[in-house]
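One structure is given below, encoded as structure tokens.
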Amino acid sequence: MTLSIYDTEISSRLLLGTARYPSPAILAEAIQRSGTEIITVSLRRETAGGKTGGNFFQLIKELGVNVLPNTAGCHSASEAVLTARMAREVFATNWIKLEVIGHQETLQPDVFGLVEAAKILSEEGFDVFPYTTDDLVVGEKLLAAGCRVLMPWCAPIGSAMGPQNPAGLRAMRAEFPDIPLIVDAGIGRPSHATAVMELGYDAVLLNTAVAVALDPPLMAQAFADAISAGRQAYKAGMLEPRDMAVPSTPTIGKGVFA
């Protein structure tokens with residue numbers, strides 16, 4: 001079943017970042033092996049790389065995937081808004097992954113600046129993908145600001161710690177049953193991705209866990225398989241944990257052999 005994000009239908013539920021790969025060729029192979037249809041690209045990478053920026057963007061265009069520019073590295077609403085406006089010109093898309101960093105060590109989002117920037121950008125016609133926490137109140141304010149997708153973290157960016165607050169993620173899924181929810185940041189291994197998909201999340205965005213693997217293309221495929229398995233398990237209906245043992249073979253009706 002496809003996922004609809006800002007009126008775009010996608011089949012893959014894995015979104016990939018494009019930073020820290022050993023080479024453009026390995027990045028391209030990882031994207032292809034993953035089956036992803038959406039990749040994130042930082043405007044700062046595009047503009048800071050000199051002549052390499054254009055070559056990188058040409059590679060991305062040739063892969064035929066949707067580009068989701070991001071405002072990585074921005075620490076205020078005004079800086080994020082300015083970066084988003086420039087990204088729209090460079091990448092020719094209204095999509096923007098909105099990041100407003102509030103804490104230097106954990107890279108936790110500044111939720112106040114995030115909501116402020118989301119409102120401005122939504123009013124300017126952007127389709128905002130906000131990197132946020134699993135706070136329900138913040139989620140409500142982002143939706144009121146015009147967002148139609150929420151991207152909560154499960155752990156700090158690049159930490160590879162996996163879901164730190166499953167109860168919070170579960171509560172967010174219950175609170176916003178009709179909103180696409182994409183876990184963004186903190187996924188370190190395929191089992192983490194399966195775990196959040198089993199909670200009913202719609203997709204996973206990750207970068208570091210694939211980019212720094214010994215074999216990034218193989219890891220990208222592993223994540224794609226894990227995400228698919230988690231989604232199927234959620235749709236199938238999983239057995240919930242029990243306090244007591246329950247025999248798989250019932251006693252009543254059991255055959256008796258003399």
Side-chain angles (χ1 to χ4, degrees), residues 1-18 29-40 63-66 68 95 97 129 131-132 134 136 139 148-155 159-211 213 215-243 245-250:
M1 183 179 294
T2 61
L3 172 63
S4 180
I5 301 180
Y6 284 113
D7 302 321
T8 296
E9 301 290 326
I10 60 171
S11 299
S12 172
R13 293 174 183 267
L14 170 59
L15 287 66
L16 274 184
T18 56
E29 185 180 354
I31 290 172
Q32 292 170 335
R33 290 277 291 274
S34 72
T36 185
E37 297 167 54
I38 300 176
I39 59 171
T40 63
L63 291 171
V65 293
N66 297 290
L68 174 59
W95 283 13
K97 179 173 180 271
F129 295 67
Y131 162 61
T132 183
D134 55 15
L136 300 182
R148 290 161 54 194
V149 174
L150 297 176
M151 303 182 72
W153 70 349
C154 74
S159 68
M161 292 191 296
Q164 296 299 288
N165 185 15
L169 292 174
R170 188 178 291 108
M172 199 167 201
R173 177 71 286 174
E175 183 71 16
F176 308 115
D178 301 320
I179 301 298
L181 298 181
I182 303 171
V183 168
D184 175 20
I187 297 290
R189 54 188 61 190
S191 58
H192 296 160
T194 300
V196 298
M197 293 300 291
E198 287 177 349
L199 294 176
Y201 276 70
D202 296 289
V204 170
L205 191 157
L206 55 92
N207 187 149
T208 307
V210 171
D215 188 335
L218 182 59
M219 186 61 78
Q221 183 177 339
F223 270 106
D225 293 341
I227 289 168
S228 178
R231 178 65 180 176
Q232 291 180 61
Y234 172 73
K235 296 293 290 184
M238 294 171 291
L239 181 66
E240 294 300 321
R242 299 166 175 171
D243 294 331
V246 178
S248 57
T249 302

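Computed from a predicted structure; not experimentally measured.
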Return the CG to CD1 distance between L15 and I39, rounded to the nearest 0.5 Å.
10.0 Å
Name all residues meeting the side chain to side chain donor-acceptor pair (under 3.5 Å) criterion together with Q221; count only those two or more places apart in sequence or in a different chain, and write none if there are none.
R33
Given the rule in the side chain to side chain contact (heavy atoms under 4.5 Å, CB included) test, do V204 and F223 qualify, once you have shown the distances and angles that lead to the verdict?
CA-CA 9 Å; V204 170; F223 270 106; 5.9 Å; no
Side-chain donor-acceptor pairs of residues 177-193 under 3.5 Å, sequence neighbours excluded:
from, atom 1, to, atom 2, distance (Å)
D184, OD2, K97, NZ, 3.1
H192, ND1, G188, N, 3.0
H192, ND1, R189, N, 3.3

Checking Q164 now: which residues fulfil side chain to side chain donor-acceptor pair (under 3.5 Å) with it, not counting sequence neighbours?
none
Given L239 and R242, is the side chain to side chain contact (heavy atoms under 4.5 Å, CB included) satisfied, shown in steps?
CA-CA 9 Å; L239 181 66; R242 299 166 175 171; 3.3 Å; yes
Note, I5 side chain near I10 side chain (heavy atom, < 4.5 Å)
yes
Intermediate values then yes/no, side chain to side chain contact (heavy atoms under 4.5 Å, CB included), Q32 and L63:
CA-CA 8 Å; Q32 292 170 335; L63 291 171; 3.8 Å; yes
Contacts of R170 meeting salt bridge (charged side-chain N to carboxylate O under 4.0 Å, His left out) (sequence neighbours excluded), chain-then-number -> none
Partner residues of D215 under the side chain to side chain donor-acceptor pair (under 3.5 Å) criterion, sequence neighbours left out
none
Is the backbone of A224 close enough, under 3.5 Å, to the side chain of S34 for a donor and an acceptor to pair up by distance?
no
List for me each residue that meets side-chain contact (heavy atoms from CB on, under 4.5 Å) alongside E240, sequence neighbours excluded, and say none if there are none.
none
Listed by chain and number, what are the ring-ring contact (aromatic ring centres under 6.0 Å, His included) partners of F176, not counting sequence neighbours?
none
For the backbone of L14 and the side chain of T36, can you confirm whether one donor and one acceptor N or O come within less than 3.5 Å of each other?
yes
Do side-chain atoms of Y131 reach the backbone of W153 as a donor and acceptor pair under 3.5 angstrom?
no
Under the rule for ring-ring contact (aromatic ring centres under 6.0 Å, His included), what residues qualify as partners of W95, not counting sequence neighbours?
F129
How many angstroms lie between OG1 in T40 and CG in L205, if you round to the nearest 0.5 Å?
5.0 Å
Any R13 side-chain heavy atom under 4.5 Å of L3 side chain:
yes
Might you work through the side chain to side chain contact (heavy atoms under 4.5 Å, CB included) test for V65 and I38, ending with a clear yes or no?
CA-CA 6 Å; V65 293; I38 300 176; over 6 Å; no
Would you please name every residue forming a side-chain contact (heavy atoms from CB on, under 4.5 Å) with E175, sequence neighbours left out?
L136, E140
Once you round to the nearest 0.5 Å, how far does OG1 of T18 lie from CD1 of I31?
7.0 Å
For S12, does its backbone N or O pair with a side-chain atom of E37 as donor and acceptor, under 3.5 Å?
yes
Residues passing the side-chain contact (heavy atoms from CB on, under 4.5 Å) test with E198, sequence neighbours excluded, are T194, A233, M238
Reported CG-to-CG distance for the pair L169 and L199, which is rounded to 0.5 angstrom
6.0 Å
Those residues that, when tested against D202, pass side chain to side chain donor-acceptor pair (under 3.5 Å) (two or more places apart):
R173
Which heavy atom in L150 sits nearest to a heavy atom in M172, and how many Å separate them?
CD1-CE, 3.9 Å
